[in-house]
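Keep in mind it's a predicted model, so treat the numbers as computed, not measured.
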Amino acid sequence: MCGRFNIVPDASALIDAFDVLINTLDDYQAPQLNIPPTSPVPIVSSKEGVRSLSAAHWGLIPPWATDTKSAFRMINARAETIAEKASFRVPIVKSRCIVPASGWYEWRKEGDIKQPYYFQTGEILAFAAISVWNKPLSLLSCSILTTQASASAAQVHHRMPVLLGAQNYAQWLDPAGTYTDIKGLLKPYAGNDLSIIKVTTRVNNARYKGHDCIEAI
DNA sequence: CCAGACGTTGTT
DNA sequence: GTCTGG
DNA sequence: CCAGACGTTGTT
DNA sequence: GTCTGG
């Protein structure tokens, strides 16, 4: 799955990486080394061919919800069933977006401890995501798609976020695309450059933001 | 037509 | 918002 | 995702 | 056990 991630680059680097024209992020401070669910996260979206960078609450809040309590269950959306779920089937067609990241964390229970591992490629990553505007709360929220882990990632955990290649950003973000058009993008990462390192259990506490969150131990 | 229900993943 | 039931 | 908090009445 | 906060 993807229940914690990070973003190292600053806003201008994200704008460059995703060809963003409109930036509505305020108080974004880089790096964000330990981002938990329910945080505001940057998302890239596209409207009439113009890409925007904006903030969204991580954890999808359906249009009909009147509070944010449901969000913690919807931090991820399974790619395999996304087209069938009541909360997801509209946004997967109408409001796809990208959550930029440098890497993400997964945990594995080793004896009595919850051991975190950090996953990255060294490049800026694009998590496939969907967003929803909730009118009662005036809140934009998002959910990160997950899929089966690639062989190397599966050593730690059997699910992973869907990563988009730069050549597919435009297709993914195009609001005119149908589900059939984009479902081929929802595959486990096929690259051979995924690095997985064991990191300090200090990462477990979401308050901890030290630089060793991304250093091997 | 209106009323009323409807969220989800991953873990063990 | 969207679907189902009445 | 993980960590950490979470108790209540009645009486003075 | 369950909910909230980060």
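By the criterion of side-chain heavy atoms lying less than 4.5 angstrom apart, applied directly or through intervening Ile, Leu, Val, Met, Phe, Trp or Tyr residues, A:Tyr179 is grouped together with A:Val162 in one hydrophobic cluster. Residue A:Trp58 is not grouped with residue A:Leu33 when hydrophobic side chains (ILVMFWY) are merged at heavy-atom distances under 4.5 angstrom, including chains of intermediate members.
Nearest to the side chain of A:Arg159, among E:dG6, B:dG10, C:dC3, sits B:dG10. Candidate nucleotides B:dT8, C:dG1, E:dG6 were compared by shortest atom distance to the side chain of A:Lys85, and B:dT8 ranks first. Nearest to the side chain of A:Ala206, among B:dT8, E:dG6, C:dT2, sits E:dG6.
For the C1' atoms, the distance from E:dT2 to D:dT9 is 23 Å, rounded to whole Å. The gap from the P atom of B:dT8 to that of E:dG5 amounts to 24 Å, rounded to the nearest Å. To the nearest whole angstrom, the two C1' atoms, one in D:dC2 and one in B:dG10, are 14 Å apart.
Closest approach of A:Gly3 and A:Ile75 over heavy atoms only: CA-CD1, 4.1 Å.
Among the atoms of the strands shown, none is found under 4.0 Å from any heavy atom of A:Phe72. In this structure, A:Trp64 reaches the bases: a heavy-atom distance under 4.0 Å links it to at least one base atom across the strands shown. Residue-level contact check: A:Thr66 touches neither bases nor backbone, having no heavy atom under 4.0 Å from any strand.
Side-chain contact, A:Arg159 with A:Thr146: a donor N or O sits under 3.5 Å from an acceptor N or O. Using a 3.5 Å distance cut-off with no hydrogens or angles, the side chains of A:Thr201 and A:Asn204 do not pair a donor with an acceptor.
Between the C1' atom of E:dT4 and the CG atom of A:Asn205 lies a distance of 14 Å, rounded to the nearest Å.
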Legend entry - Dot-bracket summary - DNA chain D, pairs being Watson-Crick or G-U whose distances fall under 3.5 Å, with | when paired to another strand: ||||||......
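For A:Arg73, no side-chain nitrogen or oxygen approaches OP1 or OP2 of B:dT9 to under 4.0 Å. Within the 4.0 Å cut-off from OP1 or OP2 of D:dA3, at least one side-chain nitrogen or oxygen of A:Lys114 is found. At B:dG10, one or more side-chain N or O atoms of A:Arg78 fall inside 4.0 Å of OP1 or OP2 (strictly under the cut-off). For the OP1/OP2 pair of D:dA3 and a distance below 4.0 Å, the side-chain nitrogens and oxygens of A:Asn204 include at least one atom meeting the criterion. One finds a side-chain N or O of A:Thr146 lying less than 4.0 angstrom from the OP1 or OP2 phosphate oxygen of B:dG10. Neither OP1 nor OP2 of D:dC1 sits under 4.0 Å from any side-chain N or O of A:Ser39.
Taking the centre of each ring, A:Phe5 and A:Phe127 come in below the 6.0 Å mark.
Under the 30°/60° scheme for interplanar angles, the aromatic rings of A:Tyr105 and A:Tyr118 are found to be tilted.
Evaluation of atom-type donor-acceptor distances gives a pair under 3.5 Å for the side chain of A:Thr38 against the base of E:dG6.
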